[in-house]
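Written out below as structure tokens is the structure these notes cover.
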Amino acid sequence: MSEAAASSARRVFILAPFQALTQLEKITSALRKLPISAMLLTEDWAARSLSRPVALDPRLTAFEMQAPPLDLAERAAKRGMDIFVSALSLFFLSPFMLAIAIAVRLEGPGPILFHQWRLGFNGRKFQIVKFRSMTVTEDGASITQVRRDDARVTRVGAFLRARSLDEIPQLINVLRGDMSLVGPRPHAVAHDNYYDDLIADYSMRRHMKPGLTGWAQVSGLRGETPTVARMATRVDH
């Protein structure tokens, strides 16, 4: 301590493992004799946990270990934008959507719209709506991802998928509140269950509403995910 005072030090760093923090009061008591800044360095996981102190009352201080990505005001603003943009888009795109619906119907038998269960905010289930682009409508415990040159994709479906036009009906999901305009893309429930066990942060995608588009798609991460590493990259985005 005397050496720090003699050297005109402006800051002291305390490097200690989390288990040794019980001795911190003794250290800080000694440091109070010096008019300098003191900083604690400890394990990354402990530093993250102690980075957001919240005073509950004069006697209690808690450390927020996890916070939602958006506060109440931000969620309200985002929801307002979702309603306005999705409603306006559905109004102006309705003639175009009708033309696509007719093309899907003329392609062959099967429903015009495809519904599939997905997991949304906080793991809530909802049925996503898309223009049908395949000859099958899988929605169960085992779903085969679409691959390049997949024989199950119809000719109209291939055109729609290449331009993401099959996603337009998801504006209905946005208007309902199941989805947002921007957020992590929702995957089939079967795929969520699979990747939840393989990728540590995968479930964090459900900390906000899934989106019509997201940073992964804007960055060119689209299509099938044949490896876990490929999906992990999307989770990073």
Side-chain angles (χ1 to χ4, degrees), residues 48-49 51-56 62-98 100-101 113-131 133 139 143 160-196 199-223 225 230-237:
R48 287 194 297 269
S49 299
S51 62
R52 294 181 294 271
V54 178
L56 301 178
F63 293 91
E64 188 176 49
M65 300 182 67
Q66 182 171 291
L70 301 175
D71 61 29
L72 184 60
E74 290 168 337
R75 291 201 301 271
K78 197 170 195 291
R79 179 62 184 144
M81 184 179 71
D82 287 343
I83 293 173
F84 176 76
V85 174
S86 61
L88 200 65
S89 299
L90 285 169
F91 176 77
F92 284 108
L93 291 174
S94 55
F96 184 55
M97 293 173 67
L98 178 60
I100 293 177
L113 295 177
F114 167 61
H115 298 79
Q116 190 179 68
W117 288 102
R118 304 285 172 99
L119 296 181
F121 175 72
N122 203 24
R124 299 189 189 116
K125 279 189 175 183
F126 72 97
Q127 278 194 310
I128 201 169
V129 186
K130 305 173 69 173
F131 282 120
S133 61
D139 188 16
I143 297 176
L160 297 177
R161 294 178 73 92
R163 296 158 182 81
S164 297
L165 299 178
D166 60 320
E167 313 282 1
I168 293 178
Q170 289 168 41
L171 288 166
I172 299 172
N173 289 117
V174 175
L175 191 60
R176 288 175 179 168
D178 301 324
M179 296 175 59
S180 181
L181 294 171
V182 178
R185 287 291 298 157
H187 301 138
V189 175
H191 297 157
D192 274 347
N193 293 337
Y194 175 72
Y195 289 114
D196 268 340
I199 302 174
D201 293 334
Y202 186 85
S203 61
M204 292 185 71
R205 301 171 73 258
R206 298 189 285 274
H207 284 196
M208 60 170 49
K209 288 182 181 179
L212 192 62
T213 187
W215 185 239
Q217 285 66 42
V218 171
S219 303
L221 299 173
R222 301 163 52 99
T225 51
R230 190 82 63 87
M231 180 59 79
T233 302
R234 296 193 185 185
V235 173
D236 290 340
H237 282 69

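Numbers for residues simply follow the sequence, beginning at 1. All values reported here derive from a predicted model rather than from experimental measurement.
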Check: Met179 and Ile128 side chains under 4.5 Å, non-hydrogen atoms: yes

Which atom of Pro169 lies closest to which atom of Lys130, heavy atoms considered: CG-C, 4.0 Å

Tyr195/Val235 under side chain to side chain contact (heavy atoms under 4.5 Å, CB included): CA gap, chis, key distance, verdict: CA-CA 10 Å; Tyr195 289 114; Val235 173; over 6 Å; no

Nearest-0.5 Å distance that lies between atom OG in Ser89 and atom CG in Leu212: 9.0 Å

Rounded distance [0.5 Å steps], CG in Leu165 versus CZ in Phe131: 9.0 Å

Beyond-backbone contact of Ile83 with Leu175, side-chain heavy atoms, under 4.5 angstrom: yes

Side chains of Leu171 and Met97 in contact at under 4.5 Å (non-hydrogen atoms): no

Within-4.5 Å side-chain heavy-atom neighbours: Tyr202 and Asp192: yes

Closest contact, heavy atoms only, Ala188 versus Gln116: CB-OE1, 3.7 Å

Closest approach of Leu119 to Pro186 (non-hydrogen atoms, all atoms of both residues): O-CB, 4.4 Å

Rounded distance [0.5 Å steps], NZ in Lys209 versus CG in Leu181: 10.5 Å

Pair Tyr194-His187, side chain to side chain contact (heavy atoms under 4.5 Å, CB included): steps then yes or no: CA-CA 11 Å; Tyr194 175 72; His187 301 138; over 6 Å; no

Ser180 and its side-chain hydrogen bond (donor to acceptor under 3.5 Å, both in side chains) partner, picked from Arg75, Lys78, Arg79: Lys78

Considering all heavy atoms, the nearest Ala232-Ile199 contact: N-CD1, 3.7 Å

Side-chain (Arg118) to main-chain (Val189) donor-acceptor, under 3.5 angstrom: no

Approximate separation, where rounding is to 0.5 Å, of Leu70 CG and Met208 CE: 4.5 Å

Shortest non-hydrogen contact between Arg222 and Ser164, atoms and distance: NH2-OG, 2.7 Å

Over all atoms of both residues, closest heavy-atom pair of Gly223 and Arg234: O-NH2, 2.8 Å

Nearest-0.5 Å distance, CG of residue Leu93 to CG of residue Leu88: 9.0 Å

Any side-chain heavy-atom pair of Phe114 and Asp166 under 4.5 Å: no

Stacked cation flag Arg124 on Phe121, 6.0 angstrom / 45 deg: no

Spatial distance of atom CD1 (Ile168) from atom CZ (Arg163) [nearest 0.5 Å]: 12.0 Å

Exam field: side chain His207 to backbone Pro69, donor-acceptor pair closer than 3.5 Å: no

Pairwise side-chain contact, Gln170 with Val174, heavy-atom cut-off 4.5 Å (strictly under): no

Side-chain donor or acceptor of Asp178 paired with backbone N/O of Gln127 under 3.5 Å: no

Residue pair Glu167, Gln217: steps toward the side chain to side chain contact (heavy atoms under 4.5 Å, CB included) verdict: CA-CA 13 Å; Glu167 313 282 1; Gln217 285 66 42; over 6 Å; no

